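The figures here come from the full heavy-atom set of this structure, side chains too, leaving out hydrogens, waters and symmetry mates. Here, residue 1 is the first one in the sequence, and each next residue gets the next number. Source: prediction; values computed, not measured.
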Amino acid sequence: MNKFKYFFILLIAVAAIVSCNKNDDDDDVVTVPLRDYSEQAKADNEAIEKYLKENYIEEVTANFDIKISKIPAGGTQTSIWDQKVYPLQSRDVYNDNITYKVYYLVLNEGVGEAPCNFDRINASYVGNLLDGTVFDTSDNLGRVFSLDAGVNLIDGWKEIFPKFKAGKANPVNADGTITYSDFGAGVMFLPSGLAYYSSGPTGIPAYSPLVFSVKLYAIQRLDHDGDGILDFNEDINGDGYVYDFRNKTLYADPPASLIDDTDGDGVADFWDIDDDGDGYTTFLEITKPTTEVGGTFGPSSYYPFEPFTVLDDPATPNIDETLNSEPKGIPSFVRTETVNGVVKNVYDYETPGRKKIHLDKDHNTTKVTTVTAKK
Ligand SMILES: [Ca+2]
Ligand SMILES: [Ca+2]
Ligand SMILES: [Ca+2]
Ligand SMILES: [Ca+2]
């Protein structure tokens, strides 16, 4: 399916051009204004809740294909709304200055990592209208989507895919294809404002809420500002989402709880090359100085974001890999110490929640170098 979603500003521009032509006696042209977003959100929410109360889960296969059917008159099936096998969940989504309540079902959580809303994913899908009509399906074949694709991907996907985890890749098949097992699978019930709104592709009437059954096979992490820290690690408040609130059309008045902006300059960390605004780039601040750790581990290696434990390798019984192992994790500056007349910085590489140097504007990068005291 072509996931192109027309940006509504473009539509307004087109509508304005059409309006300007009114003097041409072209009475056949009728300009239909866009519906009010908040009123449509309310109508869609009511339609989706009605759908959830009038339909039931007929079947979920071992491959997490779900069949949803309407409860027949007099039927005793338990609605999606009332059933407890796959508890109905919801997420508040702030978009176009409206907070939508978006419902979703998790059929299988998945065993891999969850994408953030700016990562790339490999997923399959089936799209339904509320009347059950299938308007598109990838037939269980994974396709690659960039969740950061702006207007080229519906916002509902960006908001709900992070609620699922990727699967496990099986050995490559003889024909070169890869299958996945234990992937995340579920259903999202999207209001039209987080889907195609007034201008869907063929088969989707204007202002249609959509039901997507999805499977998340794999994810790819991205680093939008190229500072060496992946987007999901720049999700400072840890809610699984990052947002570029410089887009004032989409985000006129965002809740503070959604903002990941360490220095408060209006540029979110995942787009800010100097997260703490101290004049030193993040890339520089997470680069290991050659003089650090006795000068043994330079030059300029990249610190992993979080520490990991170096294990003793049983294959090399005469070497203890845990000895003299390189410190891992982006450190926080603790204090200076003078040892034998040499001033050295003391860093904390491991404590969870430590204030890492690229997020600490009071940490002056020039301190990173070891200074020899004058005699
Ligand atoms: Ca980054
Ligand atoms: Ca966040
Ligand atoms: Ca910033
Ligand atoms: Ca900085």
Notebook entry, point to check: Less than 4.5 Å apart, any side-chain heavy atom of Asp227 and any of His358?
Noted result: no
Next item on the list: Is it possible for you to say whether Leu194 and Tyr196 belong to one hydrophobic cluster, with membership spreading through side-chain heavy-atom contacts below 4.5 Å?
Entry: yes
Notebook entry, point to check: Are any of the side-chain heavy atoms of Val187 and Phe64 separated by less than 4.5 Å?
Noted result: no
Item checked: side chain to side chain donor-acceptor pair (under 3.5 Å) between Gln40 and Asp44, intermediate numbers included -> CA-CA 6 Å; Gln40 186 62 37; Asp44 286 350; 2.8 Å; yes
Next item on the list: Mind listing the closest non-hydrogen atom pair of Ile178 and Ala169 along with its distance?
Entry: CG2-CB, 4.1 Å
Note to self: Are Tyr207 and Tyr197 an aromatic pair, judged by ring center distance below 6.0 Å?
What the structure shows: yes
Notebook entry, point to check: Are Trp81 and Tyr103 an aromatic pair by the rule of ring centers under 6.0 Å?
Noted result: yes
Notebook entry, point to check: With hydrophobic residues grouped by side-chain heavy-atom distances under 4.5 Å, do Val346 and Tyr349 end up in a single group?
Noted result: no
Check: Between Asn95 and Asp155, does any side-chain donor sit less than 3.5 Å from a side-chain acceptor?
Finding: yes
Checklist line | Side chain Asn117, main chain Val242, donor-acceptor under 3.5 Å | finding: yes
Check: Does a donor on one side chain and an acceptor on the other come within less than 3.5 Å for Tyr125 and Arg143?
Finding: yes
Margin query: Under a 3.5 Å cutoff, is there a donor and acceptor pairing between the side chains of Thr177 and Asn173?
Written below: yes
Notebook entry, point to check: When you check the side-chain N and O atoms of Lys101 and Asn45, is any donor under 3.5 Å from an acceptor?
Noted result: no
Check: Think Arg91 forms a cation-pi with Tyr241, using NZ or CZ under 6.0 Å from the six-ring centre and within 45 degrees of its axis?
Finding: yes
Notebook entry, point to check: Looking at Phe161, Phe164, Phe135, Phe145, which one forms a ring-ring contact (aromatic ring centres under 6.0 Å, His included) with Phe212?
Noted result: Phe135
Next item on the list: Could you tell me which non-hydrogen atom of Thr336 sits nearest to which non-hydrogen atom of Phe333, and how far apart they are?
Entry: CG2-CZ, 3.8 Å
Note to self: Is it true that Tyr56 and Thr78 share a donor-acceptor pair across their side chains at a distance under 3.5 Å?
What the structure shows: no
Checklist line | Path from Tyr243 to Ile259 over hydrophobic side-chain contacts below 4.5 Å | finding: yes
Check: Could you go step by step and tell me if Tyr100 and Asp92 meet the side-chain contact (heavy atoms from CB on, under 4.5 Å) rule?
Finding: CA-CA 6 Å; Tyr100 294 90; Asp92 286 342; over 6 Å; no
Notebook entry, point to check: Which pair of non-hydrogen atoms, one from Phe245 and one from Leu258, has the smallest distance, and what is that distance?
Noted result: CE1-O, 3.6 Å
